[in-house]
Amino acid sequence: MSQAEGPLVVGVDSSTQSTKALVVDAATGQVVASGQARHDVSSGPGRESDPRQWWDALCEALRQCGDAAREAAAVSIGGQQHGLVTLDERGEPVRPALLWNDVRSAPQARRLTEELGGAKFWAERTGSVPAASFTVTKWAWLAEHEPDAVRATRAVRLPHDYLTERLTGQGTTDRGDASGTGWWASATEAYDEEILGHVGLDPALLPRVVRPGEVAGTVREHHDLPFSKGTLVAPGTGDNAAAALGLGLRPGTPVMSLGTSGTVYAVSRHRPTDPTGTVAGFADAHGDWLPLACTLNCTLAVDRVAALLGLDREAVDPAAGVTFLPYLDGERTPNLPDASGLLLGLRHDTTGGQLLQAAYDGAVHALLGALDLVLDADADPSAPLLLIGGGARGTAWQQTVRRLSGRPVQVPEAKELVALGAAAQAAGLLTGEDPAAVARRWDTARGPVLEAVERDEAALARISGVLSDAAPLLARGPADR
């Protein structure tokens with residue numbers, strides 16, 4: 001038996017490339033065991049994964065946790081957002097899941113926006129304007145390109161829904177993850193029958209939306225995990241909403257997450273509606289809202305540039321007039337799904353380190369451009385920017401964010417904030433607390449604050465100018481260049 005002060009809970013982060021599991025003491029927030037297993041993601045024009053490998057990875061991650069996982073009283077799943085999981089009558093995947101960073105549905109996103117009243121309609125109805133990452137556009141793509149798969153589908157789930165359902169045997173989701181589908185109306189907090197009818201999706205195929213603090217179910221008897229039958233299962237949520245819980249965010253505190261994708265977000269009391277489509281008006285996991293902007297190209301894109309140059313990711317030199325827009329996977333913010341990377345300012349004396357720094361600058365510029373739209377007017381502009389995700393501990397990332405934001409930057413010491421947020425949600429089932437309050441009690445946001453430096457206005461203006469001038473070229477598909 002563990003020496004924990006309180007009951008143990010399990011928080012899971014099922015991300016794009018791996019699943020991580022933490023066993024956490026609900027009383028103190030101490031991580032008493034952890035495990036991790038990787039996923040495979042397809043390459044080529046699409047980004048797909050077999051959902052069954054997420055389950056296998058969860059089993060392996062929990063196996064690594066040992067006996068501590070067997071003592072858990074509650075579990076919660078945080079997962080990558082937007083992915084389209086289609087299941088047949090036996091609950092097996094009809095085809096691999098279409099992931100958030102699969103941008104093949106860009107034409108369907110444009111068409112859906114036009115067919116149903118334009119961007120203003122979508123922003124007011126769902127809180128967001130359809131982008132190629134959203135689930136509704138992926139369903140429309142599937143209906144157009146693989147109608148046999150659509151006809152075979154008996155249930156539609158998001159990634160975290162799929163894992164939760166395999167635990168409980170019940171189809172459930174939560175408001176945070178549902179708000180990223182494009183078919184959940186933020187104005188009414190219910191599935192939107194008009195949108196569903198337009199894309200030909202029967203609402204009976206969708207999971208029940210579980211309320212914050214409600215038990216989604218209990219672990220069923222026949223499973224492959226080290227949980228006792230009857231272990232409580234929390235609603236779970238999407239990865240960004242889980243990280244917000246993991247930080248114990250209060251309204252107005254800005255967050256920048258540096259991972260495969262980059263995101264900026266803040267908790268808000270006000271329902272967001274941005275008709276420009278830059279800000280997605282997501283719900284959070286405990287009753288408020290989570291206005292968020294996301295880029296497709298962040299740490300993975302910068303690491304790819306470093307690899308092409310044969311450099312360590314920290315081997316940067318001042319960019320010295322070089323501009324690099326690292327849109328290697330197309331881009332979501334700005335909305336350029338058909339774009340590719342663009343380099344301007346190359347000279348004989350340009351160094352590899354300058355090119356690499358320019359890639360960092362281009363990635364951070366896109367995020368900071370959206371941050372002002374994410375924050376409410378009453379947010380404190382001098383508040384430290386919480387820097388999280390895999391890139392947050394990299395010196396080059398930290399210094400780039402400081403230089404281009406002009407803000408103080410705080411780097412929480414706690415790792416795996418998505419899994420910690422899921423654990424806080426599971427702990428809230430046992431204690432009756434708001435999960436964000438649980439995370440604040442665990443002091444998860446504690447970490448060093450890097451002082452503000454003078455904002456590099458010249459670099460920001462240069463990158464903005466290149467982006468503006470190159471926008472028509474970037475908007476053209478590869479075949480048109």
- Query: Does any donor atom in the side chain of Thr278 or Thr276 lie under 3.5 Å from an acceptor atom in the other side chain?
  - Reply: yes
- Query: Do Arg175 and Trp289 have side-chain heavy atoms sitting under 4.5 Å apart?
  - Reply: yes
- Message: Less than 3.5 Å apart, any donor N or O on the side chain of Thr137 or Ser105 sitting next to an acceptor on the other?
- Response: yes
- Task: Would you check if there is a donor-acceptor pair between the side chains of Asp317 and Gln357 at a distance under 3.5 Å?
- Result: no
- Task: Please tell me if the side chains of Ser261 and Trp100 come closer than 4.5 Å, counting only heavy atoms from C-beta onward.
- Result: yes
- Task: Flag this pair as yes if the NZ/CZ of Arg313 is under 6.0 angstrom from the six-membered ring centre of Trp397 and inside a 45 degree cone about the axis; otherwise no.
- Result: no
- Is the shortest heavy-atom distance from the side chain of Val10 to the side chain of Leu22 under 4.5 Å? no
- In terms of heavy-atom contacts, Ala37 and Glu60 come closest through CB-CG, 3.8 Å
- Side-chain donor-acceptor contact under 3.5 Å, Ser42 with Glu48: no
For residues 408-415, tabulate all N or O donor-acceptor pairs below 3.5 Å that involve a side-chain atom, not counting sequence neighbours.
unit_1 : atom_1 : unit_2 : atom_2 : d
Gln410 : NE2    : Ala445 : O      : 3.1
Gln410 : NE2    : Gly447 : O      : 3.4
Glu413 : OE1    : Arg446 : NE     : 3.4

- Query: With a 3.5 Å cut-off and no angle check, do the side chains of Gln17 and Thr260 form a donor-acceptor pair?
  - Reply: yes
- Item | Stepwise ring pair (Phe, Tyr, Trp, His ring centres under 6.0 Å) test for Phe282 and His82 | CA-CA 12 Å; Phe282 296 152; His82 306 307; 5.7 Å; yes
- pair Ile463-Asp361: side-chain heavy atoms closer than 4.5 Å: yes
- Is there side-chain contact between Thr153 and Trp139, with heavy atoms separated by less than 4.5 Å? yes
- Verify the distance criterion only: is there a donor paired with an acceptor across the side chains of Thr237 and His160 at less than 3.5 Å? no
- Just wondering, do Trp122 and Ile195 contact through their side chains at under 4.5 Å, heavy atoms? yes
- Task: Taking the side chain as every heavy atom from C-beta outward, state whether Leu158 and Gln81 have any atom pair closer than 4.5 Å.
- Result: no
- Item | Any side-chain donor near an acceptor of the partner, Gln108 and Glu144, under 3.5 Å | yes
- Taking atom types as modelled, find out whether Trp183 and Thr135 have a side-chain donor-acceptor pair closer than 3.5 angstrom. no
- Thr173-Asp161 side chain donor-acceptor pair, cut-off 3.5 Å: yes
- Query: Under 3.5 Å, is there a donor-acceptor pair between the Arg271 and Ser186 side chains?
  - Reply: yes
